[in-house]
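Notes for the one structure printed next.
Just the heavy atoms: all of them, side chains too, but no hydrogens, waters or symmetry mates, feed the values below. Since the model is a prediction, treat every value here as computed from it, not as a measurement. Each ligand, and each atom within it, is numbered from 1 in the order the structure gives.
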Amino acid sequence: MGKFSIAIHGGAGTLVKGQMTEELETRYKADLSTALKAGYRALEQGKSALDAVEIAVNELEDSPLFNAGKGSVFTAQGTHEMDAAIMDGNNLEAGAVSLITGIKNPVTLARDVMEKSYHVFLAGDGAMRFAKDLGYALENPEYFYDAFRYEQWQEIRDTDDFQLDHSVKKESKFGTVGAVALDVHGNLAAATSTGGMTNKKWGRVGDSPMIGAGNYANNKTCAVSCTGSGEFFIRGVVAYDVSCLMEYKGLSLEQAASEVIQKRILEIGGDGGLIAVDTQGNVAMPFNTEGMYRGSKKSTGEEVIAIYGN
Ligand code: ASP
């Protein structure tokens, strides 16, 4: 049996240390652990990396603690607009959705775009019609409601502000989710899902559903899922950049991931982090914020669940 590994994240904008209670920290870690175990179990059973990342992200979408699926942030209109993407490193197939509402597990819809349409990226009403054609049930807005997210929105609603709250100075409960995996067959996959930014408007779309920006997988190099200030991650083409540094410059996963997060994205003013796995099962989880909800587990026995840096 080949080596396998999985890594997950629940967003790079964590609650600042002073605001994190012991009880909350336990809840975050418990939900991270549930998702990590679910994805790992799939890999252990010989399932594909693609299945594993979808399963892990579904768990995180179902947790109200993270800004994806249930618990997504509020838009300026008081709605939830979610984005997600998934990519198979084996054949470079990919699927993505953005500006969708009422869908319990956006990443599963993204996978359906990949597998059941000729397209890669569907947005808004069209994506919703596609979901309807496939028989998706719609959750009502109460399903996605989270009191903390509502409060966050109340603070800035009716202003032109939006909450790009990866800054350590702000209280932030930002939490795009993602997963990357290497399966026993040597295939890589990445998935990312998000509610985006509090008080976003005008159909704002971040990096998460954009192939190459927030999400990328290629069996030649690595699988990457990002979290951070989306506008900068789009401009930095971050996930693809990690892969390029490995492919064209021969950097290791660790070197490539850290070059992008600790240098390149900072140079253009972005903050956040990423998780990545390579064809050998190595995992990198760099971030330049105070923390990043994260976890990883390798078939070689190593397991990590963490929130803050050292
Ligand atoms: N990158 C996401 C976005 O800009 C947010 C996040 O990572 O939490 O939509």
Any N or O of [X] closer than 3.5 Å to N or O of ligand 1:
X    : result
T176 : yes
N67  : no
M197 : no

Interfacing atoms of ligand 1 (cut-off 4.0 Å, heavy-atom, [X]):
X    : value
T227 : 6 (C), 7 (O), 8 (O)
R204 : 3 (C), 4 (O), 9 (O)
S208 : 1 (N), 2 (C)
D207 : 1 (N), 2 (C), 3 (C), 4 (O)
G196 : 9 (O)

Using the salt bridge (charged side-chain N to carboxylate O under 4.0 Å, His left out) rule, pick out the option among R294, K37, K297 that qualifies with E303. K297
Gap separating the [atom1] atom of [X] from the [atom2] atom of [Y], nearest 0.5 angstrom:
X    : Y    : atom1 : atom2 : result
L182 : T279 : CG    : OG1   : 7.5 Å
T221 : L188 : OG1   : CG    : 7.5 Å
T192 : H9   : OG1   : NE2   : 5.0 Å

Step by step, work out the side chain to side chain contact (heavy atoms under 4.5 Å, CB included) result for E61 and N58. CA-CA 5 Å; E61 286 173 335; N58 281 169; 3.2 Å; yes
Close approach of G228 to ligand 1, heavy atoms, under 4.0 angstrom: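 G228 counts as a contact of ligand 1 under the 4.0 Å cut-off.
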Quick check: is V237 connected to Y248 through a chain of hydrophobic side chains (ILVMFWY, heavy atoms under 4.5 Å apart)? yes
Cluster link L99 to M82, ILVMFWY, side chain under 4.5 Å: no
Specify side chain, backbone, both or neither for C226, according to which of its non-hydrogen atoms lie closer than 4.0 Å to ligand 1.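 Near ligand 1, C226 shows nothing, with every heavy atom at 4.0 Å or more.
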